[in-house]
Amino acid sequence: MKRLMVVVCVLFAVFIFAGENKLEIFSWWTGGGEEEGLLALFDLFHKYYPDVEIINAAVAGGAGTNAKAVLKTRMLGGNPPDSFQVHAGMELIDTYVVTNMMEPITWILKEMGVLDKFPKAILDICSYNGEVYSIPVNVHRANVVFYNKKIAEEIGMTREPITWTEFIYYLKKAKEKGYVGLALGDKNKWTSLHLFESIMLAELGPDKYNALWKGEASFNDPAIEKALEIMKELLEFINNDHAAMTWQDATRLVFEGKAFCNMMGDWAEGYLKTLGWTPGKEFGWFALPGTQNAFMVVSDTFGLPKGAPHRENAIKWLKLIASVEAQDVFNPIKGSIPARLDADKSKYDPYLTWSMNDFATKALCPSIIHGSAAPESFATALMDAINTFVSTRNVERTFQEILYIAEDNGYLTD
Ligand code: GAL
């Protein structure tokens, strides 16, 4: 009898909670250019659904450093948010879809008639067994260098570098003039792999880089060892306090005129804009040398977890972020391009226009550290190895370690 009472009370509490007109959105967009975009989406949601109370369950830490662990605990504990930020690709599929924690949502896109309004390449990596499991709200480009135009002028940079030799030449010049050449903030370890994966892309080329994830190319490739050599050279130009800095702190060094450049995903563009800079005026950009023909893809998506407490509101949220209106409100602020192919291009600044053109014409390559290319276990192990490399700078040992990690995760090593 007592047991029955407890069950009744729990059911009642669940009923009351679920009956509340709320929407809990989980992400890691908490500030420094990221929150602004999220809040703009919340405002738009309120325009249509003023009575729904939004719970912003964001957990701070770039690239989901802390958020991903919190989310996993919640999901495994049967306490999902109504919808959450998750990268298109393995982070979504391997962590949450094959483990049966998500609802298929192809029907939402079908009902809206927009299934063909997203790039196939992106929707494909949000899908499993023919069903879509999350809706892409944007596409970020990860292989970009943002630079301070005033410093570039001072060091005599007349055109953007396209080779390592040219790039290193300007990094040296900047260092000679007393600036940090390449700003790095690896307090949260992901940023060192963020840099390395694009150097790897430069050295392997997009075809081989993409073949790695399909088991059609081996990690035991001199190009990967060469990528470590190049990274070692670039590390000569980073700030001494890199281990105490976040990615925003590093981008800020460029803004404050202390560093020549920062290699980052284009959320840094969003951040520089929220700091008051105009793209093309105070800052310029170029693809990391050697990656001009490639677009390192990072796509933020939202899905519908099974057992979402406010499922109806979650569906409203998903429909909203799938719309052109929401994508055109969010992305110009966030520093990303819309996932919707029919977005209004006139709303995007010169940097984002450049990115949109490249997305349409260059080889698309999935990011490792931002969850698309490989399972989390691989990305985390590689991140640790590269982070250690930033201190040891031991090319041979790190290359060996990369081979062990690849082998452990079932990738080709011979
Ligand atoms: C990425 C994410 C971006 C941005 C960045 C830095 O993983 O896709 O939207 O938030 O991390 O936090």
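Numbering of ligands and ligand atoms starts at 1, following listing order.
- Taking Lys149 as the reference, nothing meets the side-chain hydrogen bond (donor to acceptor under 3.5 Å, both in side chains) condition, with sequence neighbours excluded.
- When heavy-atom distances to ligand 1 are checked against 4.0 Å, the residues falling inside are Trp28, Trp29, Glu34, Gly62, Ala63, His87, His140, Trp247, Trp267, Val298, Asp300, Lys334, His370, ordered by chain and number.
- For the pair Arg311 and Glu103, the salt-bridge criterion is met [side-chain N within less than 4.0 Å of a carboxylate O].
- Checking each of Leu92, Thr301, Val298 against His87 for a side-chain contact (heavy atoms from CB on, under 4.5 Å) leaves exactly one that passes, namely Val298.
- Between Arg397 and Glu401 there is no salt bridge, since none of the side-chain N atoms of the basic residue sits less than 4.0 Å from a carboxylate O of the acidic one.
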**Message:** One pair to check against salt bridge (charged side-chain N to carboxylate O under 4.0 Å, His left out): Glu91 and Lys68. What are the steps and the verdict?
**Reply:** CA-CA 10 Å; Glu91 186 180 312; Lys68 287 185 193 173; 3.1 Å; yes
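- The pair Lys187-Asp249 does not count as a salt bridge, with every side-chain nitrogen at least 4.0 angstrom from each carboxylate oxygen.
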